[in-house]
Amino acid sequence: HAKQSGRNTYRFFAEQMNVQAIERLDLETRLRRALENSEFVLHYQPQIDLAERRIIGAEALIRWVDASGNLTPPSAFIPVAEECGLIVPIGAWVLREACRQASEWQRAELPPFVVAVNLSAAQFRRHDLVETVIEALVLADLDAQWLELELTESLLLQDVDATLETLQRLKAIGIKLSVDDFGTGYSSLAYLKRFDVDKLKIDQSFVRDLVSDPDDAAIVRAIIEMAHSLKLKTIAEGVETQELADRLKLFHCDEGQGFWFAQPLPADALQDFIRAHAVPPRSIPA
Ligand code: C2E
Ligand code: MG
Ligand code: MG
Ligand code: MG
């Protein structure tokens, strides 16, 4: 009897694994097709200077639009795209599209702001990354100072010598660099002085309960103080309330990003948002 049930259990897991493998393969195929059929869009979330209450940047965040117009969030496909290597062509598209859009906004005579693009490790490790970035800038006719690349701590620490070289080449072009989800990786603070990054993005998980949790408040204050000592800027992710925005400003955090200011918006909606808040008296809540 035990043998029988063991076999059934085995069969159950084997079938489960099959289902998972098939679903993954299916997703891979659909992602490949999505790329060919241009089914991806970028939404842009404003980044606000907390002291001056103006938009100084926007983070490009990818979404997958299906035939009926439904949006699939990146969490549902970026991990698979990373595993199967599709993140490289998808990421190259994101870079081109973000640069094209940034250039279009500048031509539309919006007050200039930086567009930030997320990079995956698989993209960063490619020997042609710097060429891909330059190509996107040249194609869009965009000055490098308006492009920022968001890198994660774990990506930075994977192969320190190669990372250092790539970062130096990117900085030499004039691109800005930020560390995304700061505090969640293996925070090897020693590397911050070797890596020439511009900004730390304090992870949502420390920001969320900032007002009620003294430990989170202490961590955030320490990050901000350290960043400023190293001449780095700070931006808080996940700013969902006015209270949070006020507290962060009190802590001298430079910038904020989150639902309190705006959701990630389609390009035309971001343009409207900026126009609406560009003229003094500025009406961005803070
Ligand atoms: P991330 O880079 O840390 O992006 C911030 C995420 O937080 C976004 O989720 C954004 O919508 C969400 N967010 C913004 N404000 C708030 C807030 O006030 N509260 C809460 N709870 N969340 C907020 P999204 O757009 O679903 O993206 C998730 C992740 O997917 C990103 O995290 C990034 O790691 C990845 N991702 C997005 N676009 C790209 C891309 O083009 N390339 C790569 N490689 N990764 C991307
Ligand atoms: Mg990011
Ligand atoms: Mg982040
Ligand atoms: Mg995050």
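Quick caveat, the model's predicted, so the values are computed rather than measured. Order of listing sets the numbers, starting from 1, for every ligand and every atom in it.
No hydrogens or angles considered: a donor-acceptor pair under 3.5 Å links the side chains of R125 and T163. Counting only N and O atoms by type, the side chains of W260 and E240 include no donor and acceptor under 3.5 Å apart. Side chains of Q257 and Q47: a donor on one and an acceptor on the other come within 3.5 Å.
Atoms of ligand 1 found under 4.0 Å from any heavy atom of V94, numbered from 1 in the order shown, are 41 (O). With ligand atoms numbered from 1 in the order given, ligand 1 contributes 17 (C), 18 (O), 19 (N), 20 (C), 21 (N) to contacts under 4.0 Å with heavy atoms of E240. Of all the atoms in ligand 1, the ones that sit under 4.0 Å from a non-hydrogen atom of Q45 are 14 (C), 15 (N). When each atom of ligand 1 is checked for a heavy atom of S120 under 4.0 Å away, the hits are 44 (N).
The N/O atoms of Q257, backbone and side chain alike, include none that comes under 3.5 Å of an N/O atom in ligand 1. Inclusion of D181 in the set of residues having an N or O under 3.5 Å from an N or O of ligand 1 is warranted. Not a single N or O atom of E82, backbone or side chain, sits closer than 3.5 Å to an N or O atom of ligand 1.
Here atom 12 (C) of ligand 1 lies nearest to Q204 when heavy atoms of Q263, E237, H43, Q204 are compared. Of the options A81, S178, P264, S205, the smallest heavy-atom separation from atom 11 (O) of ligand 1 is shown by P264. Distances from atom 4 (O) of ligand 1 to the heavy atoms of L61, V239, I62 put L61 nearest.
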- Item | side-chain hydrogen bond (donor to acceptor under 3.5 Å, both in side chains) evaluation trace for T241 with R208 | CA-CA 9 Å; T241 63; R208 198 178 300 129; over 6 Å; no
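No donor-acceptor pair closer than 3.5 Å links the side chain of D209 to the backbone N or O of S212. S103 places no side-chain N or O within 3.5 Å of a backbone atom of C99 that could act as its donor or acceptor partner. Between the D203 side chain and the F182 main chain, no donor and acceptor come within less than 3.5 Å of each other.
Residue P74 touches ligand 1 through its side chain alone, judged by heavy-atom distances below 4.0 Å. Contacts between I90 and ligand 1 below 4.0 angstrom, taking non-hydrogen atoms only, are absent altogether.
Using a 4.0 Å heavy-atom cutoff, S75 is absent from the residues neighbouring ligand 1.
Sequence neighbours left out, the pairs with a member in residues 100-121 that pass salt bridge (charged side-chain N to carboxylate O under 4.0 Å, His left out) are E97-R100, R100-E104, R107-D141.
Using bins of under 30°, 30° to 60° and over 60° for the plane-to-plane angle, the ring pair W64/F77 lands in the perpendicular bin.
Applying the salt bridge (charged side-chain N to carboxylate O under 4.0 Å, His left out) rule to E131 yields the partners R169; only residues at least two apart in sequence or on another chain are considered.
Among the backbone and side-chain atoms of E237, no N/O/S atom is found under 2.8 Å from the Mg ion (ligand 2).
Around the Mg ion (ligand 2), the two atoms OE2 of E59 and OD2 of D180 are separated by an angle of 180°, to 10 degrees.
Per residue E150, closest N, O or S atom to the Mg ion (ligand 2): atom name OE1.
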